2 protein chains.
Amino acid sequence: MSHVENMDKTAVSSRKLSLDKYKSTVGEEHVEHIRSLAEKLSGCSVVHVNSTSFGGGVAEILHRLVPLMQDVGLDTQWKVIKGTTEFFNATKTIHNALQGMKKPLTEELKNTYLQQNAANASQMSLDCDHVVIHDQQPLALINFYRKRYGKWIWRCHIDLSQPNQEFLRFSAPFIRLYDASIFTMKQYVSSSLKLKEVAIIPPSIDPLSDKNKSLPDTVILSVLSKYDVNPEKPILTQVARFDPWKDPLGVIDVYKLVKKKIPDVQLLFIGSMASDDPEGWVYFEKTARYSGADYDIHLLTDLVGVHDIEVNAFQRASNVVLQKSLREGFGLTISEALWKGVPVVGANVGGIPLQVIHNATGFLVNNVEEAAEKTIYLLKHSEIAKIMGEKGREHVRKNFLITRHLEDYLKLFIQLS
Amino acid sequence: MSHVENMDKTAVSSRKLSLDKYKSTVGEEHVEHIRSLAEKLSGCSVVHVNSTSFGGGVAEILHRLVPLMQDVGLDTQWKVIKGTTEFFNATKTIHNALQGMKKPLTEELKNTYLQQNAANASQMSLDCDHVVIHDQQPLALINFYRKRYGKWIWRCHIDLSQPNQEFLRFSAPFIRLYDASIFTMKQYVSSSLKLKEVAIIPPSIDPLSDKNKSLPDTVILSVLSKYDVNPEKPILTQVARFDPWKDPLGVIDVYKLVKKKIPDVQLLFIGSMASDDPEGWVYFEKTARYSGADYDIHLLTDLVGVHDIEVNAFQRASNVVLQKSLREGFGLTISEALWKGVPVVGANVGGIPLQVIHNATGFLVNNVEEAAEKTIYLLKHSEIAKIMGEKGREHVRKNFLITRHLEDYLKLFIQLS
C-alpha cells in the first residue's frame, strides 16, 4: 500500500484557526512574541500522536493546538494509533497502574501492548522534526519506528509520582528513549526515572472554543430553560465524569448542607458519558439514586444533548463551581469556570491548587463541611464572589490559555533543535 | 459501480442455522412438515428488507429467520436500507403517528422520506420471487423500484388500528401496492385501508438462541453473583426498555407493595440502552431516582454487560416476570419468560393477552394493586407458579416459536405463488 494511504488512515483533520484572533484576548504583544518564536522554527515539521481523536482532554487540546501550530507556520499533523479492544483494555490497565493502582502485569498484556505498538509503528509515517507522543498508549512506538530522525518528545498527562513500580519498570526503557518529556506538574515526575530533559507544561483551555467563548445572555437563558434550570435561583455546578474519583455523592452531601441554609439552591452535575467505561454507568446510576426525588439536582449529560455550548452556558450561569475530586490530574474544568468569572470551591488535591488560589480565585477545601461552608459564604456574598471570579479570569488569562501552551511547546522545540 | 458492490453494501450476513436442530424442541413431525412446505418453493428466492441489522425485535427475528429460510432451501437474503439521521427521525415520526400519536405531516418530512426511499430503491437489487418489506421505513421502496417482478409483501409489526389519519393517508397508496400484508394481530389492521390479502402472523422467539437456550445452573448462578442478585431470595423481573410505555415507575410501585408482604423480594429491571433515543436516558434516570437507595432494585443494562446470555439467566432465575406496559405491540419478552417456565403477570393490553392466558400461564391485571396481589399470590404459591410456568412453556411451544413463524411465511409464499 502506498504511503499516502497509510497517512490518511491515521491522520486527524482539524479545522483552521488563526492565532491573530486571540489578540483581543491575550494582547497583541503576546501573539507577536509567539510568532517570533515560531519564525525560528520556520519550515519545521511536527507530528502529534495520541490514541483518540474524540473524547477526553488530550483530544480536546489537540483539536485547537494542532491548527494553531499550523497557523504559525509549522507543518503540523495529528495522528491517532489504531488498536483492538484488547489493546485499549491493556493501555487502560497501564494508565491506572502508572498512577498507582495495584494490577498484575501479565505476559499477555505486555504482548498485546508491544505487538500493537509495533504494528502501528510499521504503518505510520512519523518522519518529522518533532514527534510528540501523548501518554502511555503510543509510548512504545519509539522502540519500533525504523527511520527515526527528528526529536521525540513524550507528553505525559498523568501523575507518575507514585506508580505501580512493576509497570514503571516496564515503561521506563521506552520513556528513556525520548529526547525530552513533558509533565503537567513538577510533582508528577517519577524520581526513579532519572530523566534528563524534563519540561513542565500545564495544559490549557481555548478561550475561543465553543466550550469557552463568550455567549449572549439569550443563549444562556434558552439553554437553562430547555433543561428546566431556574436562572433566578442560585446555581451550584460540578463538571466531571461520573466516577468515584470525582466524588459525586460527596457533591450531593455538600449541596444538601448548602440547601439547609439556602433552600432554593440548585445543583447541576454535568458529565460526558461518551465512553464505553461501564463504571460511568454505575456511577451515573448511583448519583441518580442518591439524588432521589430532588429534581433541583439536575443530571446533565451528552446523552440528553448537553455538549460544548450547553456546558459553557451552564458554567456561565453558575454562582459557584465545585470540584470535589478526591484525585485530580489537572482539572481543566476549573480553568473553564474561572475563565467565565465563576469562583471555584475545589479540593486541595492534584492540579487544583494551581488554579484555585485560596481566598483569591476561590477556596481550597478538605471535606464536605468546608466545601458547604465556603459555598454558602460565596452565595451569601455575591460581591466577593464576583471579585474572586474576576481574579480567576485574570489568573487563567496569564497561565492556562492555549496561547501560553503553544508558546511553551515552541520554546521546547527551539531548545531541542 | 457494479451490481455486486451495491448488494454488498446493504446485505446483512447471518450465521448458519440448521432446522434439524429444532427437532428435539418442536418434534420431528413439525420439522418434516416445514421441509415439505419448503419443497414446494424449491428454487425460490426471498429477500427481507428492514432498516437495521442490530437492535430491536425485527432484527432479532431476522437474524434467526433468514438462516432458517436458507436452511430449508430458499435462496434468502436480508438487506438493510441506508439513510441519514434526518431520514430516521422522519421514519420515527411516521412510526409514532401510524400508532396514533398527534404529529404534523410536513412537506419536509414527506420529501426526506420519499427521496431516501427512492435513493435506496435505485441502489438495491430486489429481483426476487418474494420481497418482504418490514415496517414503515422501507415501505415506499415499492413505489420506486424499477423492475419489480416477484410478489411484494409488507410485514407490519406495529398497531395500525387507531392511526393518525393524515399519516395513514400518506402511507396507504404504498401499502396498497403490495400483493399482501402481514399483521401481528387481527386487531392491528386498519379497517380504512380495505386491504385484500392480509395474513395474521404473530412474531416468535427462537428456543435455541442465546437469549432462550437452556443454561446450566452454574452459568445462571455466576451471572446472579456477578450482579449481586441473591439466588436464595425471591426475584421479580421486568425486561423492557426504559420508556414511559413500559411504566417502570409503576413496576416499582408494584414491587413496593409486594415488599410489604415479602420483605426479601428483589426487583430486576433489564433493559437495553443500545439506542440513541434521549428519552431512554431520561427514563433510566427517573427509574434510578425512584429506586433511591433501595439496592434490592437492580437496574441491569447492556451498558454494564447484560447481553443475551445474562438476560436469559435472569429470566430463568425469576420467580415471577412482570410486564406492566401501558401499551404493548406484542411483547416477546413475555414468550421468553413463559418459555423458561416462569409465570407472567401482565397488563391486559396489546399482544399480552395472546401470551398471558389468565389463570393459566399467568395473570392479566389492570393496575398496580392487582399486579401486586397476583405477584404475591405466585410468590406464596410456588407449586401453582410452577404449574403455570409449565403451561406457559407449552403455550409458547405451540404458538410462538420461530418454527411456527417460518411455517407461516412458507404458507403465505405458497399461497401467493
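Below, chain A is the first sequence line, B the second, and so on; all start at residue 1. Since this is a predicted model, take the numbers as computed values, not measurements.
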**Message:** Between B:R289 and A:L299, is the side chain to side chain contact (heavy atoms under 4.5 Å, CB included) condition met? List the steps.
**Reply:** CA-CA 11 Å; B:R289 282 171 173 262; A:L299 308 185; 3.9 Å; yes

**Prompt:** What's the spacing between A:F284 CZ and B:F284 CZ if we round to 0.5 Å?
**Reply:** 7.0 Å

**Request:** Could you tell me which portion of A:Y295 (side chain, backbone, both or neither) has an atom closer than 4.5 angstrom to a non-hydrogen atom of chain B?
**Result:** both

**Fill in**
Against chain B, residues from residues 249-256 of chain A with at least one heavy atom under 4.5 Å, in numeric order, are none

